[in-house]
Number of protein chains: 2
Amino acid sequence: MGITKKEIFTEQQNRIASLAKAIGHPARVAILQQLFKSNTCICGDLVNEIGLAQPTISQHLKELKNMKIIKGNIEGTSVCYCIDQETWSEIETLFQAFFTQKVNRAGDCC
Amino acid sequence: MGITKKEIFTEQQNRIASLAKAIGHPARVAILQQLFKSNTCICGDLVNEIGLAQPTISQHLKELKNMKIIKGNIEGTSVCYCIDQETWSEIETLFQAFFTQKVNRAGDCC
DNA sequence: TTTATTTATTGCAATATTACGATTATAATT
DNA sequence: AATTATAATCGTAATATTGCAATAAATAAA
């Protein structure tokens, strides 16, 4: 069907999944890395840095904005983007916990 | 076009993205959590635990296997899955570094 | 060997994603 | 007001993903 059955999962499972999904595209990884690197935020520079068309970058920015992973600030004709620290902290906490889950190797089968 | 332009990104960006994408579905998050929780690995129990049809779970397992996030061990008629520690360590390292990038708040625009 | 159990594969329908050209919206500049 | 610059939106094509019924494959048990 192509539609994810979100209703059968916990809120946390859906949250982790949708945040991971947002990061699950190299263009969005590149955008986030640029935002981290450049403290003057950048905007259309992303289009030049990354080799994708402007509407494509704009679409990826929209997805990151929808997940509140980034924020946009209008500055004249250009828009300045940056990481949303609040959501990013949530990501850190959520994934830290998820990634560092301990395996009980005792009864491991493989 | 629906096809990701992987060639214009770095190997690391593509790696982070495809690992995040693999985790970017609640069913796969649920599977991983089960594998962490139950050290006796489980197999078709996942079908009962998670409310999806057997072929659907099998497909999600395949994706996780393709990314080498999990390993499968045939035990009679059933298959015993578990986390692939090697890849999981890579994920920890890769994402730890990615998530904890410091923002230089000095020239921040928003 | 037949039967039951378990998992993988196939085939398909519905929906989502990716990418971009064309266009529009907004604001600064002339 | 007209022009320029920047970014968002629309429309569309190509491809990917999600989910499941039906079926196949593999092994264990009878």
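Nothing here was measured: the structure is a model prediction, and the numbers come from that model. Residue numbers begin at 1 in each chain, while the letters A, B, ... track the order of the sequences.
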| query | When you measure from the side chain of B:Ser78 to the backbone N and O of B:Glu75, does any donor-acceptor pair fall under 3.5 Å? | reply | yes
| query | So among A:Ile70, A:Ile69, A:Leu64, which one has a side-chain contact (heavy atoms from CB on, under 4.5 Å) with A:Met67? | reply | A:Ile69
| request: Using only side-chain N and O atoms of B:Lys62, determine if any of them is under 4.0 Å from OP1 or OP2 of C:dT7. | output: no
| message | Within residues 70-79 of chain A, which residues have any heavy atom lying less than 4.0 Å from an atom of DNA chain C? | response | A:Gly76, A:Thr77
| Just how far, in rounded Å, is P of C:dT7 from CG of B:Leu64? | 16 Å
| message | Looking only at the aromatic ring of each residue, does the gap between the centers of A:Phe99 and B:Phe95 stay below 6.0 angstrom? | response | yes
| field | Length of the line joining B:Leu61:CG and C:dT9:C1', which is rounded to integer Å | value | 14 Å
| task | Rounded to the nearest angstrom, tell me the gap between atom CG in A:Leu46 and atom C1' in D:dA8. | result | 15 Å
| Taking NZ, NE, NH1 and NH2 as the nitrogens, is one of them in A:Glu90 or A:Arg15 under 4.0 Å from a carboxylate oxygen of the other? | yes
| said: So does B:Ser89 get a backbone contact from the side chain of B:Thr93, meaning a donor-acceptor N/O pair under 3.5 Å? | reply: yes
| Phosphate-side-chain proximity, A:Tyr81 and D:dA8, N/O vs OP1/OP2 below 4.0 Å | yes
| query | Say you draw a straight line from NE2 of B:His60 to CZ of B:Arg28; how long is it, rounded to the nearest 0.5 Å? | reply | 5.5 Å
| field | Within 6.0 Å of CD1 in B:Ile74, more than 12 heavy atoms from elsewhere | value | no
| Within this structure, what is the CD1-to-P distance between A:Ile57 and D:dA8, rounded to whole angstrom? | 11 Å
| task | Treat primed atoms plus P, OP1 and OP2 as sugar-phosphate and everything else as base, then score nucleotides 14-24 of chain D 5' to 3': B for base contact with protein heavy atoms under 4.0 Å, S for sugar-phosphate contact only, - for none. | result | BSSBBBBBB--
| remark: Here the distance between atom P of C:dT17 and atom CG of A:Asn66, to the nearest Å, is 11 Å
| message | Looking at B:Glu7, I want to see if its CD is surrounded by more than 12 non-hydrogen atoms of other residues, nucleotides or ligands under 6.0 Å. | response | yes
